[in-house]
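Source: prediction; values computed, not measured. Below, each value reflects all heavy atoms present in this structure, side chains not excepted, and no hydrogens, waters or symmetry copies. Lettering of chains follows the sequences in order, A, B, ..., and the numbering in each one begins at 1.
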There are 2 protein chains.
Amino acid sequence: MARPRIKDVARLAGVSEKTVSNVINDYTHVSDRTRRAVRDAIEELGYKVNLAGRHLRQGRTGIIALVIPELDVPYFAELARHVIREAERRSLTVLIHQTGADRDHELAALTGFGSSFVDGVILSPLALTSDDLRDSAGAPPTVLIGELLEEGADHVAIDNEKAAREATEHLLGLGRRSIMVIGGRDDARLGTAEARTRGYRAALAEAGVAYDPAALLPVESFRTPDGAESLARALSEGARPDALLCLNDQLALGALRTLHEHGIRVPEEVAVIGFDDVEAGRFSVPTLSTVAPDKAAVAQVAVELLQRRMDEAMGSASTDASSTVVRSPQDLVVAHRLVLRESTEGVSGVLRSEAGWDRQGQGAAGRE
Amino acid sequence: MARPRIKDVARLAGVSEKTVSNVINDYTHVSDRTRRAVRDAIEELGYKVNLAGRHLRQGRTGIIALVIPELDVPYFAELARHVIREAERRSLTVLIHQTGADRDHELAALTGFGSSFVDGVILSPLALTSDDLRDSAGAPPTVLIGELLEEGADHVAIDNEKAAREATEHLLGLGRRSIMVIGGRDDARLGTAEARTRGYRAALAEAGVAYDPAALLPVESFRTPDGAESLARALSEGARPDALLCLNDQLALGALRTLHEHGIRVPEEVAVIGFDDVEAGRFSVPTLSTVAPDKAAVAQVAVELLQRRMDEAMGSASTDASSTVVRSPQDLVVAHRLVLRESTEGVSGVLRSEAGWDRQGQGAAGRE
DNA sequence: GCTAGTTTTTACATCGATGTACATTGGCTG
DNA sequence: CAGCCAATGTACATCGATGTAAAAACTAGC
């Protein structure tokens, strides 16, 4: 038994195909009687609209792509969860694409995967340059999250520089003066790492602490092993920091492990703070202080903005030259806050003392 | 400038639309000269095939759905990475769908999301029953991973019972006799938790250790907080285990945290072992012993099997009654191995001593 | 130079849903 | 009850790519 078509429903309900279509799409002027008859026929046949047909006709798929470097980096996974929820609320389906931080993959994503089946893209770039962005004409509407690229694209992120300054100030407030930055970079790029490094330097400057470029530990990628290894290397070369500003929680968790292996007590000898507030940091030994971005807000704002762009794109397609007032690119900033735990405060038993926006709906545990 | 169509390419190349299509699809009988002309025209216009048209015509989308309960459960994220890679190799695109362990969502996934735009589904069910599975006629080809449902569906997983028995034997071999099972369940369902609990009981029986149903700690979900909380509750009720068999690593990590808060030394006083071998367990304090499934193999086998099913489905659609020899459902078992780390062995510094299949291509770190 | 056979190319119909433009129906006003 | 308007419903063309069937172009053999 083949899948039923609109034609079959129409025949069963005794109306035209278009009327069935009208019912499906909640068109206003359909009498209740007709509507009911069609609904019954749909029910009886188990009819489901065929996306291909609709897509071909309307040019929309209702699918947006979420393009991220690595799915198994917990931060991205947590973010993805929020994006999916937000998209579902707008009856959009999310297609997740993983680039492996590869420039070609990111470019492919930008141009809609060589075909046209995504209506929009939320992209977390790592390897992409602003040139790539500029060249990608004909791409579907795109919103960037995380990294900021100079050229005018829509963008959502926390104020990374400010967040890093606050985190550094916290460490300075604990009396630490030798603060190393795992993942820090001081070059001219406009990336997240650079912004956070700037915040770090600003805090140092304000506190009158000298900045030593050797305090920046470069990493290959921002994953746990890199954090562990880069710190191990630094320690073996004689570094003796009293605090670590890790540019994400994965690096911090790796660093915690290395400190443990070296028998260095946290936070007594070395205080550690990260970024992202991933779940693992709430259960590590010691628990991890961190800069917590409002992930739900990032997701919400990003999806909302993308939807607006998609609507604009559709609109201008029909009205053509008229409303081609492409609104200027938005650069939206989302809230963050410092979450202080054992790795800087030393306090224990904070496990259930947390509350607020960041807690709600985190995982299936939220079902209770 | 609108996207070019096949028509535009045909006009520019001075051939018919079908010829362009033939070139695109590598049809054999096209002269080199024509082929080159068409290729040039495609190049010049920047033509990309429109998926909607192709989909409508062929009934295939090249998209498969990976349906999992929670994206931010690291095990699923890691698995997803492998599935994506495997699918890419076969030029399939993966759409990731998150059910939140919700039955309705899982059902929706089974039936192709109410529309027809996925060619196949890889589903990791949690709440679904075998009845649901049986009822879902007209669904796209589906391969289950993880949970085993009784009714004949294709299925890929490790031998959970055997794995749990080995893990338990390991704990018994350390002289532990009071082994609690976090996440354990002893009911009649055919789930992963049940299989692992059976393995646990088998090991106990073989070693002549009495089985106490109170050793099974139920959990709401299989996430870190649940592990922490269920163990805390048990301890407060007077439980004094000398080992914990945690049915996944997230539970184990939560348990480690609770043990730490209670000042209980691992593994001296309590040995801990988990399942899944997620990255966090390689860097926790202490590092986590675990049953490591060959995730790459799970992904590879699942995608391969699904592709075969999809091909069969297409084939029988054209040949109709002839080749409707629906091959019987496969139940494939993938390798696993015990990875012993500090939480049972107490040895330190194993960090870089690991090697083997499980290590390769884990994350961007593999780029070096 | 013609026939038979093969390769290359084409015109046209088709996949399923929906927009357009028009036909029909019913209700209301005067 | 004619005349109009608004509410409903319909026929048909269309979105873009590709399968079908058949025409056109070419090759080889005699």
Side-chain angles (χ1 to χ4, degrees), chain A residues 2-39 41-42 45-62 112 114-117 119 314-315 317-319, chain B residues 2-39 41-42 45-62 112 114-117 119 138 314-315 317-320:
Chain A
R3 276 174 68 95
R5 306 296 158 203
I6 246 187
K7 181 181 3 176
D8 306 315
V9 177
R11 196 176 315 129
L12 180 58
V15 298
S16 77
E17 300 181 24
K18 186 67 217 300
T19 299
V20 175
S21 170
N22 285 339
V23 170
I24 293 170
N25 294 285
D26 281 326
Y27 180 68
T28 323
H29 301 303
V30 178
S31 70
D32 283 349
R33 210 155 48 82
T34 311
R35 191 183 301 274
R36 205 162 333 110
V38 172
R39 288 256 165 78
I42 288 178
L45 294 176
Y47 169 79
K48 306 274 175 56
V49 297
N50 177 318
L51 253 222
R54 171 178 289 176
H55 176 193
L56 179 56
R57 188 62 239 237
Q58 302 192 322
R60 276 197 181 217
T61 56
S115 42
S116 62
F117 74 110
D119 292 345
M314 295 306 285
S318 61
T319 341
Chain B
R3 276 173 69 96
R5 307 294 158 204
I6 249 188
K7 183 185 356 178
D8 306 317
V9 177
R11 197 175 317 129
L12 180 59
V15 298
S16 77
E17 302 180 23
K18 186 67 218 296
T19 299
V20 175
S21 170
N22 284 339
V23 171
I24 293 170
N25 295 285
D26 281 326
Y27 182 67
T28 324
H29 300 302
V30 178
S31 70
D32 283 348
R33 209 154 48 81
T34 311
R35 191 182 302 273
R36 205 160 332 109
V38 172
R39 288 254 165 78
I42 288 178
L45 294 175
Y47 169 80
K48 306 274 173 59
V49 296
N50 177 319
L51 254 222
R54 171 178 290 177
H55 175 193
L56 178 57
R57 188 65 242 237
Q58 303 193 318
R60 276 198 179 215
T61 57
S115 43
S116 63
F117 74 112
D119 292 345
M314 295 306 285
S318 61
T319 340
D320 230 326

Inset, instruction - Treat primed atoms plus P, OP1 and OP2 as sugar-phosphate and everything else as base, then score nucleotides 15-20 of chain D 5' to 3': B for base contact with protein heavy atoms under 4.0 Å, S for sugar-phosphate contact only, - for none. - result: BBBBBB
Inset, instruction - State whether Ser31(B) places a side-chain N or O below 4.0 Å from either non-bridging phosphate oxygen (OP1 or OP2) of dT9(C). - result: yes
Taking atom [atom2] of [N] as reference, at what distance in whole Å does atom [atom1] of [X] sit?
X	N	atom1	atom2	value
His29(A)	dT8(D)	NE2	P	7 Å
Arg33(B)	dA25(D)	CZ	P	13 Å
Asp32(A)	dG9(D)	CG	C1'	15 Å

Legend entry - Minimum heavy-atom distance between Val30(A) and Tyr27(A), given as atom pair plus value: CG2-O, 3.8 Å
Legend entry - Asp8(B) bridged to Lys48(B) by N-O distance under 4.0 Å: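 Salt bridge flag = no for Lys48(B) with Asp8(B).
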Legend entry - Test item: Asn25(B) and Arg54(B) side chains (from C-beta on) under 4.5 Å apart, heavy atoms: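 Asn25(B) vs Arg54(B): side chains touch.
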Legend entry - Gap separating the CZ atom of Arg39(B) from the CD1 atom of Ile24(B), nearest 0.5 angstrom: 9.5 Å
Legend entry - Side-chain (Asp119(B)) to main-chain (Arg60(B)) donor-acceptor, under 3.5 angstrom: no
Inset, instruction - Would you confirm whether Asn50(B), through its side chain, and Ala52(B), through its main-chain N or O, come within 3.5 Å as a donor-acceptor pair? - result: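 Such a contact is found between Asn50(B) side chain and Ala52(B) backbone.
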Inset, instruction - Tell me what Thr19(A) touches on the nucleic acid: a base, only sugar-phosphate, or nothing, going by heavy atoms under 4.0 Å. - result: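 Answer is base: heavy atoms of Thr19(A) come under 4.0 Å of a base.
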